[in-house]
2 protein chains.
Amino acid sequence: MRDFSRSLPMSLLRAREAVMRQFRPSLREHGLTEQQWRILRALAAIDAVEVTELARTAFLLGPSLSRILRDLEARNLIERKTAKADQRRSMVSISKEGVKLMASVAPNSEAIYAEITRRFGARRLAELQEMLGALELSLAELGSADDTIAEG
Amino acid sequence: MRDFSRSLPMSLLRAREAVMRQFRPSLREHGLTEQQWRILRALAAIDAVEVTELARTAFLLGPSLSRILRDLEARNLIERKTAKADQRRSMVSISKEGVKLMASVAPNSEAIYAEITRRFGARRLAELQEMLGALELSLAELGSADDTIAEG
DNA sequence: GAGAGATACTTAACATGTTAAGTGAATGCG
DNA sequence: CGCATTCACTTAACATGTTAAGTATCTCTC
């Protein structure tokens, strides 16, 4: 069997960890986890979203998002109100405080991203991202192994 | 601020998830998590290792590994014995049952990996892995942002 | 050879990942 | 209309990620 430390999943895991390792301390100083930060960033880009849509954008599973939203709401970083037309849905938006927090974290975060880009090379980074996107696409058609079996 | 869904961390996260999505169902059928599988694979390649070394190989943090080893030991998939020369260290090895389980999972796992390689292209996959390794390297010098501050 | 410090883990505590089950609100259809 | 189904979440339960603290053992130095 192939040396597993050279397998694609491990390469991806290590690469991602190397990157996140740069950001975590800064986020931590502001009392944010990586996932909470993803949610705030996703919310900052829009007015309000449904939870399901937010899950897709922030790439989180429903249950994780549910818990995190509960906590972020308790910290007054986001706001929630049920949709008028459909009582099942709730519209989530970032609060004033949330915006303020983002503003205090963003500069540092941007600087770190810039340093990573500088070290690895902007062109190379773009190539890498292109390949990652292509990989995702080539597996998306496949669905999960389960789906394949179910469909067969 | 850059659309975060196009950021490097998100690209890496989505790509890895797309890949792992293929493997998880098969592992699940055998009652294994991704991390447990990593440990068994790491152990299969050698006779016995110390916990710390295993953590590095399987890319797991100590506390996670500690818990998982406890569970794998309870399931008789691994064996542990304290080193003679140094009572602090414990040598971990895969058990006969562990080997048997691996043998039952490996074929399917190999097939999935082969399909991924086929879809994405072997050459392209090698290029991607090379870039991921390079990314890791270019950030390794940097250490974590904390270290940098500490050193400055 | 005794005590301070380092080492190799383990435990603890809290946050998230993951799957299954639960809840309340809409929808579709006879 | 009535009611089974679907939908949008939430809760639950268990596994791992992450940092800090704890424990036992070893090492090094005086």
Side-chain angles (χ1 to χ4, degrees), chain A residues 9 13-14 16-17 20-21 23-39 48-56 58-75 77-78 80-92 144-147, chain B residues 9 13-14 16-17 20-21 23-39 48-56 58-75 77-78 80-92 144-147:
Chain A
L13 181 57
R14 277 197 305 257
R16 181 168 147 84
E17 178 54 27
M20 287 318 299
R21 192 181 177 64
F23 291 98
R24 261 191 284 269
S26 165
L27 291 177
R28 188 172 173 70
E29 277 178 23
H30 294 274
L32 288 175
T33 65
E34 176 197 334
Q35 293 82 355
Q36 292 166 350
W37 177 237
R38 289 218 298 272
I39 292 173
V49 262
E50 297 171 16
V51 172
T52 301
E53 171 64 13
L54 181 56
R56 181 169 30 257
F59 208 68
L60 292 168
L61 294 178
S64 293
L65 183 53
S66 230
R67 280 178 307 214
I68 300 175
L69 288 180
R70 166 169 46 71
D71 298 348
L72 291 179
E73 191 174 22
R75 289 165 67 184
L77 296 176
I78 66 160
R80 244 193 300 204
K81 55 181 178 186
T82 56
K84 314 167 196 72
D86 188 338
Q87 302 282 351
R88 290 172 305 182
R89 298 162 198 271
S90 88
M91 303 303 290
V92 185
S144 81
D146 256 357
D147 295 344
Chain B
L13 181 57
R14 277 196 305 257
R16 182 170 146 82
E17 178 55 26
M20 287 317 299
R21 191 180 177 63
F23 290 99
R24 261 192 283 268
S26 166
L27 291 177
R28 188 172 172 69
E29 277 178 23
H30 294 274
L32 288 174
T33 66
E34 175 197 335
Q35 293 82 355
Q36 292 166 349
W37 177 238
R38 289 218 300 271
I39 292 174
V49 263
E50 298 172 16
V51 173
T52 302
E53 172 64 12
L54 181 56
R56 180 168 31 255
F59 209 69
L60 292 168
L61 293 178
S64 293
L65 184 52
S66 230
R67 280 178 307 213
I68 300 175
L69 288 180
R70 167 170 46 71
D71 299 348
L72 292 179
E73 192 174 19
R75 288 166 66 183
L77 296 175
I78 66 162
R80 246 193 300 203
K81 56 181 177 184
T82 56
K84 313 167 197 72
D86 188 338
Q87 302 282 353
R88 290 171 306 180
R89 300 163 197 270
S90 85
M91 304 303 290
V92 185
S144 80
D146 257 357
D147 296 344

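Heavy-atom basis, side chains included; hydrogens, waters and symmetry copies ignored.
- In this structure, B/L61 atom CG and D/dA20 atom P are separated by 12 Å, rounded to whole Å.
- Looking at heavy-atom distances under 4.0 Å, A/T33 makes contact with sugar-phosphate atoms alone, never a base.
- In terms of heavy-atom proximity, A/R38 sits nearest to A/F59 at NH2-O, 3.2 Å.
- Contact annotation: the side chain of A/R67 approaches that of A/R70 to within less than 4.5 Å [non-hydrogen atoms, C-beta and beyond].
- The nearest pair of heavy atoms linking A/L69 to A/L54 is CD2-CD2, 4.1 Å.
- Taking atom CD on B/E17 and atom C1' on C/dT16, their separation rounds to 13 Å, with Å as the unit.
- Ion pairing between A/R24 and A/E17 holds under the 4.0 Å rule for side-chain N and carboxylate O.
- The minimum heavy-atom distance between B/Q36 and B/R75, with the atom names listed, is OE1-NH1, 3.5 Å.
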Heavy-atom protein contacts under 4.0 Å, nucleotides 8-14 of chain C, coded B base, S sugar-phosphate only, - none: SSBBBB-
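- Where B/K84 and A/R24 each meet DNA chain D at their nearest nucleotide, the meeting point lying more 5' is that of A/R24.
- Here the nucleotide nearest the side chain of A/R38, chosen from C/dG17, C/dA15, D/dT18, is C/dG17.
- Rounded to whole angstrom, the span from the CG atom of A/L72 across to the C1' atom of D/dT10 amounts to 16 Å.
- Between A/M91 and A/E53 there is no side-chain heavy-atom pair separated by less than 4.5 Å.
- Atom pair B/F59:CZ and D/dT16:C1' shows a separation of 14 Å (rounding to whole Å applied).
- Take the nearest nucleotide of DNA chain C for A/Q87 and for A/S64: the residue whose nucleotide is more 5' is A/S64.
- A sub-4.0 Å separation between OP1 or OP2 of D/dG17 and a side-chain N or O of B/Q35 is present.
- Summarising the geometry, the separation between CD1 on A/I68 and C1' on D/dT10 is reported as 14 Å, rounded to the nearest angstrom.
- Between the P atom of C/dT16 and the CG atom of B/L60 lies a distance of 20 Å, rounded to the nearest Å.
- For the pair B/M20 CE and C/dT18 C1', the computed distance is 13 Å after rounding to whole Å.
- The CD1-P distance, from B/I39 to D/dA15, rounds to 13 Å in whole Å.
- In this structure, B/I39 and B/A58 approach most closely via the heavy-atom pair CG1-CB, 4.3 Å.
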